[in-house]
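Both ligands and their constituent atoms are indexed starting at 1 by order of listing.
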Amino acid sequence: MDKSDISFFKDGLRLDGRRADQLRPIRIEVGVLARADGSCYIEMGGNKVIAAVYGPREVHPRHLQEVTRAIVRYRYNMASFSVEERKRPGPDRRSYELSKVSREALEPVIMTSYFPRSVIDVFVEVLQADAGTRTAGINAAAVALADAGIPMKSMISSCAAGKVADTIVLDPMKEEDNFGQADLPIAMTPGGDITLMQMDGGLSPDEFHQAVEMAMKGARDIYEMQRAALVEKYGKLEASTIEVKACE
Ligand code: CDP
């Protein structure tokens, strides 16, 4: 199939029925893995991604230790069954790149100076991919870091905007990503400080501004969902702790 075979809009709506500025449905679950210090499962449309955080813990190999801060490691991995054509298992150029940019998206908010000589390990496993897996991974990882009790200056939320049929769209799905004209994933703090920005394809300066604005609005909405998922877990815990205290 090439992009000329695809009609991206029908009756003004996208192939999955969304408006141009609409996110796919999102589901976030906190603390899904018993052995991890923190974890999160996220669905963003057809993406299904799990993040596990371990640490702060001792660094192996020891020569990677930093005396003034913790190091952060981030491993993005796509399961071989997560895509249409079986993906060869193991790391490749794409997963190295995504691991690097995702780590850099999160590192600025992690208070690494609290934990010298240690490591914070973040593992992201993509179980099902439908474009935007790096953004889903970063969203899940940020929640998993909070679930692990890692001190952070703020949450990080991530979302992409793209261009299809000369229209800027929020949160492109696979057909839009693979056959569209541009893809622009970002990650940012709730205050609007951008920690990741990448771009594939071409956008005019006006389109670029429109895409950034749209992706930032998407990231703000995702932040509210990340917050709600954490409150769902820890808000309830707090309430029950208060109840226990009241009974004593
Ligand atoms: O997933 P993300 O958009 O962050 O990264 P991408 O490299 O732009 O990949 C876009 C999409 O292409 C992925 O989410 C998958 O759905 C698909 N893909 C695939 O089918 N097979 C691969 N080996 C890599 C990506």
Side-chain angles (χ1 to χ4, degrees), residues 1-3 5-6 8 14-16 18 20 22-28 40-51 74-107 122-144 156-165 167-188 194-203 207-208 211-212 214-216 218-219 222 226:
M1 191 158 46
D2 83 21
K3 67 181 174 194
D5 296 331
I6 286 207
F8 290 103
R14 292 152 75 180
L15 295 177
D16 57 3
R18 279 185 292 159
Q22 206 175 342
L23 286 169
R24 290 175 286 185
I26 294 181
R27 183 179 146 219
I28 303 176
C40 175
Y41 171 72
I42 190 165
E43 289 180 5
M44 282 178 75
N47 294 301
K48 297 185 178 186
V49 177
I50 204 154
Y74 190 110
R75 195 196 68 178
Y76 166 101
N77 183 55
M78 202 173 222
S80 51
F81 53 81
S82 65
V83 284
E84 259 168 63
E85 271 182 43
R86 178 180 179 276
K87 187 208 160 276
R88 196 158 167 260
D92 52 22
R93 278 178 58 153
R94 179 175 173 276
S95 68
Y96 280 123
E97 179 209 322
L98 297 200
S99 299
K100 176 182 184 286
V101 297
S102 304
R103 172 175 55 75
E104 289 171 351
L106 293 164
E107 225 170 3
V122 184
F123 297 94
V124 165
E125 295 288 327
V126 177
L127 307 176
Q128 187 173 290
D130 189 25
T133 57
R134 82 195 65 195
T135 62
I138 292 168
N139 291 329
V143 172
I156 290 288
S157 312
S158 182
C159 187
K163 179 181 169 186
V164 292
T167 308
I168 303 300
V169 294
L170 184 61
D171 186 23
M173 56 176 169
K174 186 167 178 292
E175 292 77 4
E176 293 170 334
D177 181 302
N178 290 178
F179 303 110
Q181 296 156 293
D183 182 31
L184 188 143
I186 66 153
M188 66 173 213
I194 291 188
T195 60
L196 166 94
M197 182 178 282
Q198 295 182 283
M199 193 173 114
D200 266 351
L203 295 173
E207 287 169 339
F208 175 77
V212 171
M214 201 182 263
M216 287 179 79
I222 290 168
Q226 290 170 303

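Of the polar atoms of T133, at least one N or O is found under 3.5 Å from an N or O of ligand 1, judged by distance alone. Taking any N or O of M78, backbone or side chain, none lies under 3.5 Å from an N or O belonging to ligand 1.
Between A144 and A51 the shortest heavy-atom distance is CB-O, 3.9 Å. For the pair K87 and S80, the tightest heavy-atom approach, listed with the atom from each and the gap, is O-CB, 2.9 Å.
Atom 23 (N) of ligand 1 has as its closest protein heavy atom K87 CG, 4.3 Å. Atom 11 (C) of ligand 1 has A131 CA, 3.8 Å as its closest protein atom, hydrogens excluded (heavy atom only). With hydrogens left out, the protein atom closest to atom 18 (N) of ligand 1 is V83 CG1, 3.9 Å, a heavy atom. Here the heavy atom of the protein found nearest to atom 3 (O) of ligand 1 is G132 N, 2.7 Å. Counting protein heavy atoms only, atom 15 (C) of ligand 1 is closest to A129 CB, 3.7 Å.
Contact annotation: R94 has at least one heavy atom less than 4.0 Å from an atom of ligand 1.
Residues E176 and L15 have side chains not in contact (no heavy-atom distance under 4.5 Å, counting atoms from C-beta outward).
In the vicinity of R134, heavy-atom distances shorter than 4.0 Å reach the ligand 1 atoms 2 (P), 4 (O), 5 (O), 6 (P), 7 (O), 8 (O). Heavy-atom proximity to D177, at under 4.0 Å, picks out these atoms of ligand 1: 3 (O), 8 (O), 10 (C).
When heavy-atom distances to ligand 1 are checked against a 4.0 Å cut-off, N178 comes that close only through its side chain, counted from C-beta outward. Neither the backbone nor the side chain of E85 comes within 4.0 Å of ligand 1, counting heavy atoms alone. The side chain of K174, and not its backbone, has at least one atom closer than 4.0 Å to an atom of ligand 1 (non-hydrogen atoms only; side chain from C-beta on).
Using modelled atom types, one side-chain atom of N139 and one backbone atom of S158 make a donor-acceptor pair closer than 3.5 Å. The backbone N or O of E125 lies less than 3.5 Å from no partner atom in the side chain of N77, so there is not a single donor-acceptor pair.
The pair D16-R18 counts as a salt bridge, with a side-chain nitrogen and a carboxylate oxygen less than 4.0 angstrom apart. We find that R134 and E97 are joined by a salt bridge, their nearest charged nitrogen and carboxylate oxygen being less than 4.0 Å apart.
Looking only at atom types and distance, the side chain of Y76 has a donor-acceptor partner in the side chain of R94 under 3.5 Å away.
To the nearest 0.5 angstrom, E43 atom CD is 10.5 Å from I28 atom CD1.
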